[in-house]
Peer 1: 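Once you've had a glance at the structure underneath, I'll fire off some questions.
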Amino acid sequence: MDKEAMTKLKLAMLSAETAAQLAAIIIDYTHEEMMLVFSELEWEQQARIKDIWKTVS
């Protein structure tokens, strides 16, 4: 995954406000790509995404 693609994915993850938006991103990227970018986010950014994803259940 090149740097431009990683930046695009990071911006998409950070702009997501709902679990549906996160799910839409997942369709376009592999699990490995998602985890790579997620691991590079700040702790607070990771926590925000986790909180959004928790609304799925």
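Note that these values count all heavy atoms, side chains included, but never hydrogens, waters or copies made by symmetry.
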Peer 1: With rounding to the nearest 0.5 Å, note down the distance linking CZ in Arg48 to CH2 in Trp43.
Peer 2: 13.5 Å

Peer 1: Decide side chain to side chain contact (heavy atoms under 4.5 Å, CB included) for Glu40 and Met6; before the verdict, give the C-alpha distance in whole Å, the side-chain angles of both, and the deciding distance to 0.1 Å.
Peer 2: CA-CA 10 Å; Glu40 294 183 356; Met6 287 181 66; 3.3 Å; yes

Peer 1: I need the Lys10 NZ to Leu41 CG distance, nearest 0.5 Å.
Peer 2: 6.0 Å

Peer 1: Got Leu9 and Met1 here, is their nearest side-chain heavy-atom distance under 4.5 Å?
Peer 2: yes

Peer 1: Roughly how far, to the nearest 0.5 Å, is the CG atom of Asp28 from the CE atom of Met34?
Peer 2: 9.5 Å

Peer 1: Locate the shortest heavy-atom distance separating Leu22 from Ala16; write the atom from each residue and the value.
Peer 2: CD2-CB, 3.6 Å

Peer 1: Distance check, rounded to the nearest 0.5 Å: Glu42 atom CD versus Leu14 atom CG?
Peer 2: 10.0 Å

Peer 1: To the nearest 0.5 Å, what is the distance between OG1 (Thr7) and CG (Asp2)?
Peer 2: 8.5 Å

Peer 1: Do Trp53 and Thr18 have side chains that get closer than 4.5 Å, going by heavy atoms?
Peer 2: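 In short, these two side chains do not touch, never coming nearer than 4.5 Å.
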
Peer 1: Carefully, step by step, assess Tyr29 and Lys8 under the rule side chain to side chain contact (heavy atoms under 4.5 Å, CB included).
Peer 2: CA-CA 11 Å; Tyr29 294 92; Lys8 182 179 176 182; 3.9 Å; yes

Peer 1: Do Phe38 and Lys50 have side chains that get closer than 4.5 Å, going by heavy atoms?
Peer 2: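 Yes. Closest side-chain heavy atoms under 4.5 Å.
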
Peer 1: Once rounded to the nearest 0.5 Å, what's the spacing between atom CD of Glu17 and atom OG1 of Thr55?
Peer 2: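 Between atom CD of Glu17 and atom OG1 of Thr55 there are 12.0 Å.
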
